[in-house]
Amino acid sequence: MTHSGGCQCGKVRYRIEGGFGNASICHCRMCQKAFGSWGAPLVGVIAANLAWTRGQPAEFRSSVTVARGFCAACGTPLYMRDDGDPNYDLAIGTLDDPEAVGALTQQVGIESKLSWFDAMPGLPALRTTDYCSPADMERYTSLQHPDHDTEHWP
Amino acid sequence: MTRKTGGCQCGRVRYEITGSFENPHICHCRMCQKAFGNYFAALVGAKKAEFKWTKGEPGVFRSSAVVERRFCRDCGTPLSFAYGHSDRIAVSIGSLDDPYSVTPAHQFGTESKLPAFALLHVLPGSRTEDDVPPEHLAKLKSLQHPDRE
């Protein structure tokens, strides 16, 4: 089984041979800040099974023993990894098919969970075409790397 | 108006908002998913005139012809989203020093909503100290910028 993914701009791409380990979400304040969000969805991938097929991630050491990989050209958070861990905890949203990780198992770091997290599925929902006109949609031409490998990009 | 501050994980880029928050929301669109490496983005708006980068210079990626996404070039934290022609900017809620102060009111881009989203909040939950032994926690000494100036 092969999976691919990468950052938003496409400067960093990866390929995974084999399956996924545990998939979970983390609410800790470190993941919130690193991802600029409510927290992080992460899936275990054996490092030896992951190849960087285009470019290389940059790393920031968010704690003494933890590195976080990201694209230096567009910022996309790509992974976190404890020193000595044979696995990457890969950012699920960077996969070309985020659903491929299968069922998530747990939420961790809930001492930092944001108060509104549980209520999100009930928020009033709008599709992009509900608030963007066809003319808007035309102007918003995506410059994001497509959700598959490319020979040349951009 | 209360001043709100925020910034990236490493602290090289900091910002402030001197006016009110507007339109707190989450966005499921595939562009936000990929930019944030996540299931969706959580964003809150402000007037550009009441927003300022107070430290450092963020990087910018134009994810579409009219959209600028800013991030820290040193640690990657996604920081802001703005249409070039708009007088508003949206900051990532997780980059605020007090992300608990904002509650999203809408979800946008639901055509790209991932099936996993509906179940995230009902997954069994645990606290960090329940999962990580104290001796390992001690080694995880944070190098993250504190949630203040």
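The figures that follow rest on heavy atoms only: side chains count, while hydrogens, waters and symmetry mates do not. So that the names make sense, note that chain A is the first sequence line, chain B the second, and so on, each numbered from 1.
- Contacts of R68(A) with chain B are made by side-chain atoms alone, with heavy-atom separations under 4.5 Å and no backbone atom involved.
- Residue V64(A) touches chain B through both its backbone and its side chain, counting heavy-atom pairs closer than 4.5 Å.
- When each of Q32(A), E59(A), R61(A), E99(A) is scored by its heavy-atom pairs under 4.5 Å with chain B, the top score falls to E99(A).
- Within 6.0 Å of NZ on K52(B) lie no more than 12 heavy atoms contributed by other residues, nucleotides or ligands.
- Using a 4.5 Å heavy-atom cutoff, the side chains of I17(B) and F51(B) are in contact.
- For the residue pair Q106(A) and S24(A), no side-chain donor N or O sits within less than 3.5 Å of a side-chain acceptor on the partner.
- Both the backbone and the side chain of S112(A) come within less than 4.5 Å of a heavy atom in chain B.
- The greatest number of non-hydrogen atom pairs below 4.5 Å with chain A, out of L79(B), D147(B), I26(B), L119(B), is found for D147(B).
- Between F108(B) and H25(B), the ring planes lie tilted relative to each other; the angle falls in the 30° to 60° range.
- Using a 4.5 Å cut-off between heavy atoms, C9(A) contacts chain B through both its backbone and its side chain.
- Heavy-atom pairs under 4.5 Å with chain B were tallied for D82(A), V101(A), D96(A), T129(A); the largest tally goes to D96(A).
- At a 4.5 Å heavy-atom cutoff, the contact between A65(B) and chain A is made by backbone and side-chain atoms alike.
- At a 4.5 Å heavy-atom cutoff, the contact between D74(B) and chain A is made by backbone atoms alone.
- If you measure heavy-atom distances from V102(B) to chain A, the contacts under 4.5 Å come from the backbone alone.
- Using a 4.5 Å heavy-atom threshold, the side chains of L78(A) and V12(A) count as touching.
- In terms of non-hydrogen atom pairs under 4.5 Å with chain A, the most contact-rich of G6(B), C72(B), A116(B) is A116(B).
- A donor-acceptor contact shorter than 3.5 Å is absent between the side chain of S126(B) and the backbone of V108(A).
- For the options K34(B), K141(B), Q144(B), heavy-atom pairs under 4.5 Å to chain A are most numerous at K34(B).
- For a residue to count as touching a neighbouring chain, one of its non-hydrogen atoms must lie under 4.5 Å from one of that chain's; by this rule V91(B) does not touch chain A.
- Listed for the Q9(B) side chain is a donor-acceptor partner under 3.5 Å among the backbone atoms of M30(A).
- Using a 4.5 Å cut-off between heavy atoms, D130(A) does not touch chain B at all.
- Looking only at distances, a side-chain donor or acceptor of K4(B) sits under 3.5 Å from a matching main-chain atom of G19(B).
- Using a 3.5 Å distance cut-off with no hydrogens or angles, the side chains of S4(A) and H148(A) do not pair a donor with an acceptor.
- Proximity to chain B (any heavy atom under 4.5 Å) is restricted, for I25(A), to the side chain, taken from C-beta onward.
- Residues E111(A) and R29(A) are not in side-chain contact: their nearest non-hydrogen atoms beyond the backbone lie 4.5 Å or more apart.
- Looking at Y131(A), the atoms closer than 4.5 Å to chain B (heavy atoms on both sides) all sit in the side chain, from C-beta outward.
- The number of heavy-atom neighbours closer than 6.0 Å to CG of L123(B), taken from other residues, nucleotides and ligands shown, is above 12.
- Heavy-atom pairs under 4.5 Å with chain A were tallied for R70(B), H85(B), E129(B); the largest tally goes to H85(B).
- Proximity to chain A (any heavy atom under 4.5 Å) is shown, for R73(B), by both the backbone and the side chain.
- Interface check for chain A: of the options A105(B), S63(B), S92(B), the most heavy-atom pairs under 4.5 Å are formed by S63(B).
- Neither the backbone nor the side chain of V67(B) comes within less than 4.5 Å of any heavy atom in chain A.
- By number of non-hydrogen pairs under 4.5 angstrom with chain B, the leading residue of S62(A), C26(A), A72(A), G109(A) is S62(A).
- Residue with the most contacts toward chain A among G125(B), G109(B), G37(B): G37(B) (heavy-atom pairs, distance under 4.5 Å).
- Residue-level contacts of residues 34-43 of chain A with chain B, in order of numbering, are A34(A), F35(A), G36(A), S37(A), W38(A), G39(A), A40(A), P41(A); threshold 4.5 Å between heavy atoms.
- If you check the side chains of Q107(B) and H28(B), you find a donor sitting under 3.5 Å from an acceptor.
- Taking the six-membered ring where the residue is Trp, F20(A) and H3(A) present tilted rings, their angle falling between 30° and 60°.
- When heavy atoms are compared at a cutoff of 4.5 Å, F40(B) approaches chain A by way of both its backbone and its side chain.
- Considering only heavy-atom pairs separated by less than 4.5 Å from chain B, the leading option among H27(A), R139(A), K113(A) is R139(A).
- For the residue pair T150(A)/R54(A), the side-chain donor-acceptor check at 3.5 Å is satisfied.
- Judged by distance alone, the side chains of T65(A) and D83(A) never bring a donor and an acceptor atom under 3.5 Å apart.
- A cation-pi arrangement is present between R81(A) and Y88(A) under the rule of less than 6.0 angstrom and at most 45 degrees off the ring axis.
- The candidate with the highest count of non-hydrogen atom pairs below 4.5 Å against chain B, out of S115(A), P98(A), C132(A), G122(A), is P98(A).
- By the neighbour-count criterion of 12 heavy atoms within 6.0 Å, atom NZ of K11(A) is sparsely surrounded, having that number or fewer from other residues, nucleotides or ligands.
- R88(B) places no side-chain N or O within 3.5 Å of a backbone atom of A82(B) that could act as its donor or acceptor partner.
- Contact annotation for A73(A): only backbone heavy atoms (N, CA, C, O) come within less than 4.5 Å of a heavy atom of chain B.
- If you check the side chains of Y14(A) and T94(A), you find a donor sitting under 3.5 Å from an acceptor.
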